[in-house]
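What follows is a set of notes on a single structure, which appears directly below.
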Amino acid sequence: MFINYFDFYQIPVAFFPDETELRNLFFKINREYHPDYFTQSDALTQEKALELTSINNKAYQTLSNPELRIKHILQIYGLLDEDEKYQLPQSFLLEMMDINEQIMEVSFSEDPEQELIRLNQQIANLEENMKNEISPVLHNFDQNPQQVELLQTVKDFYYKNRYILRIKESLSNFAHR
């Protein structure tokens with residue numbers, strides 16, 4: 001069952017929630033419902049406390065992590081299907097194909113270690129550019145949550161980010177060979 005963690009904390013859906021408020025809500029609920037406080041209670045009360053504490057932990061873990069928060073917001077609006085074969089822009093895919101080819105060519109390089117450093121920097125620059133491009137969209141949504149059409153751009157960013165994460169894993173695996 002999907003739980004909207006923003007509703008759980010009774011805060012507005014936002015890509016940049018107030019982190020202090022979020023932390024305070026987490027600790028408040030944790031103090032109220034931690035199972036250790038209900039050891040003398042009946043089984044139903046203990047189970048309810050355990051369930052609320054579990055939801056609280058998962059809610060805080062999700063909302064305090066920017067990547068998980070983006071995923072959660074897309075899920076809230078029904079824009080994310082785990083089995084979806086999302087089509088990324090052709091220009092992005094071509095850029096990723098080029099990076100993948102460079103990764104495969106590292107072993108033929110005269111200085112593979114230096115080449116790995118260069119590729120890691122190239123990917124870090126790409127990630128930074130993507131974050132700089134998406135940041136105004138995220139802020140705009142927070143200020144105007146009725147502009148749901150902005151979430152399509154966020155979805156695109158989410159899937160690009162996942163793709164880059166796979167490339168980084170590939171690069172890391174290659175470096176350990």
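- Taking the side chain as every heavy atom from C-beta outward, Tyr60 and Ile29 never approach each other to under 4.5 Å.
- Taking CD of Glu47 as the start and CZ of Phe38 as the end, the distance is 13.5 Å to the nearest 0.5 Å.
- Pairs engaging residues 91-105 under the side-chain hydrogen bond (donor to acceptor under 3.5 Å, both in side chains) rule: Asp98-Gln102, Gln102-Arg118 [sequence neighbours left out].
- For Thr153, the side chain to side chain contact (heavy atoms under 4.5 Å, CB included) criterion is met by Ile134, Val137, not counting sequence neighbours.
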Working for side-chain contact (heavy atoms from CB on, under 4.5 Å), residues Phe92 and Met130: CA-CA 11 Å; Phe92 177 79; Met130 284 175 42; 4.3 Å; yes
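- Interatomic distance, CG of Leu151 versus CZ of Phe141, reported as 4.5 Å (0.5 Å rounding).
- Remark: Tyr86 pairs with Gln152, Asp156 by the side chain to side chain donor-acceptor pair (under 3.5 Å) rule, at least two apart or across chains.
- Within the model, atoms CD1 of Ile103 and CD of Glu115 stand 10.5 Å from one another, a figure rounded to the nearest 0.5 Å.
- Side-chain heavy atoms closer than 4.5 Å link hydrophobic residues (I, L, V, M, F, W, Y) into clusters, and following such links, possibly through other members, connects Phe6 to Phe27.
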When you look at Ile123 and Lys168, which way does the side-chain contact (heavy atoms from CB on, under 4.5 Å) test go after all the steps? CA-CA 8 Å; Ile123 292 168; Lys168 287 169 63 173; 3.7 Å; yes
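- No more than 12 heavy atoms of other residues, nucleotides or ligands sit less than 6.0 Å from atom CD of Gln10.
- With sequence neighbours excluded, the residues satisfying ring-ring contact (aromatic ring centres under 6.0 Å, His included) with Phe2 are His72.
- Applying the ring-ring contact (aromatic ring centres under 6.0 Å, His included) rule to Tyr9 yields no partners; only residues at least two apart in sequence or on another chain are considered.
- Taking the side chain to side chain donor-acceptor pair (under 3.5 Å) definition, one finds that Tyr33 meets it with nothing, sequence neighbours left out.
- If you chain together hydrophobic residues whose side chains sit under 4.5 Å apart, Leu79 and Leu68 never meet in one group.
- Using a cutoff of 4.0 Å between basic side-chain nitrogens and carboxylate oxygens, Arg162 and Glu67 are not scored as salt-bridged.
- Here the shortest heavy-atom pairing between Ile164 and Leu126 reads CD1-CD2, 3.5 Å.
- Judged as a side chain to side chain contact (heavy atoms under 4.5 Å, CB included), and not counting sequence neighbours, the contacts of Glu21 are Ile11, Asp18, Leu25.
- We find the CZ-CD1 distance between Phe8 and Ile3 to be 7.5 Å, quoted to the nearest 0.5 Å.
- With Thr53 contributing its side chain and Ala49 its backbone, the two residues share a donor-acceptor pair below 3.5 Å.
- When the shell of 6.0 Å around CD of Glu113 is examined, it contains 12 or fewer heavy atoms from other residues, nucleotides or ligands.
- Within a 6.0 Å sphere centred on CD of Glu19, heavy atoms belonging to other residues, nucleotides or ligands number 12 at most.
- At a threshold of 4.5 Å between side-chain heavy atoms, the hydrophobic network of Ile, Leu, Val, Met, Phe, Trp and Tyr places Met104 and Ile117 in two separate groups.
- Linking ILVMFWY residues whenever their side-chain heavy atoms come closer than 4.5 Å, directly or via other members, leaves Leu165 and Ile167 in distinct clusters.
- The two residues Thr62 and Tyr5 have their closest heavy-atom pair at OG1-CE1, 3.6 Å.
- Here the closest heavy-atom approach between residue Arg69 and residue Ala14 is recorded as CD-O, 3.6 Å.
- Here Met97 sits in one hydrophobic cluster together with Leu94; the rule is ILVMFWY side chains under 4.5 Å apart, joined directly or through other members.
- Across all non-hydrogen atoms, the minimal contact from Pro17 to Leu63 is CG-O, 4.3 Å.
- Residues satisfying the side chain to side chain donor-acceptor pair (under 3.5 Å) criterion with Asn120, sequence neighbours excluded, are absent altogether.
- Applying the side chain to side chain contact (heavy atoms under 4.5 Å, CB included) rule to Glu133 yields no partners; only residues at least two apart in sequence or on another chain are considered.
- The cationic group of Arg166 lies under 6.0 Å from the six-membered ring centre of Tyr163 and within 45° of the ring axis, placing it in a cation-pi geometry.
- Across every non-hydrogen atom of Lys155 and Leu74, the tightest pair is CA-CD1, 3.8 Å.
- No donor-acceptor contact under 3.5 angstrom links the side chains of Asp42 and Gln46, judged on distance only.
- Taking the side chain to side chain donor-acceptor pair (under 3.5 Å) definition, one finds that Glu51 meets it with nothing, sequence neighbours left out.
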Run Gln75 and Ile73 through side-chain contact (heavy atoms from CB on, under 4.5 Å) and show every step you take. CA-CA 5 Å; Gln75 288 173 323; Ile73 291 172; over 6 Å; no
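- Every side chain to side chain contact (heavy atoms under 4.5 Å, CB included) that Ser135 has, sequence neighbours left out, goes to Phe16, His139.
- Inter-residue side-chain proximity for Lys160 and Pro89 is flagged as met; some heavy-atom pair is nearer than 4.5 Å.
- Within a 6.0 Å radius of CD in Gln122, other residues, nucleotides and ligands contribute more than 12 heavy atoms.
- The structure places CG of Asn4 at 3.5 Å from CD1 of Ile76, a figure rounded to the nearest 0.5 Å.
- A donor-acceptor contact closer than 3.5 angstrom links the side chains of Asn144 and Asn140.
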Working note: Lys48 + Leu44, criterion side-chain contact (heavy atoms from CB on, under 4.5 Å); need CA distance, chi angles, decisive distance, verdict. CA-CA 6 Å; Lys48 185 68 174 169; Leu44 188 62; 5.9 Å; no
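- A heavy-atom distance below 4.5 Å is not found between the side chains of Gln87 and Tyr159.
- In plain terms, the two heavy atoms of Tyr77 and Pro145 that are nearest each other are OH-O, 4.2 Å.
- A salt bridge links Glu32 to Lys28: at least one charged side-chain nitrogen sits closer than 4.0 Å to a carboxylate oxygen.
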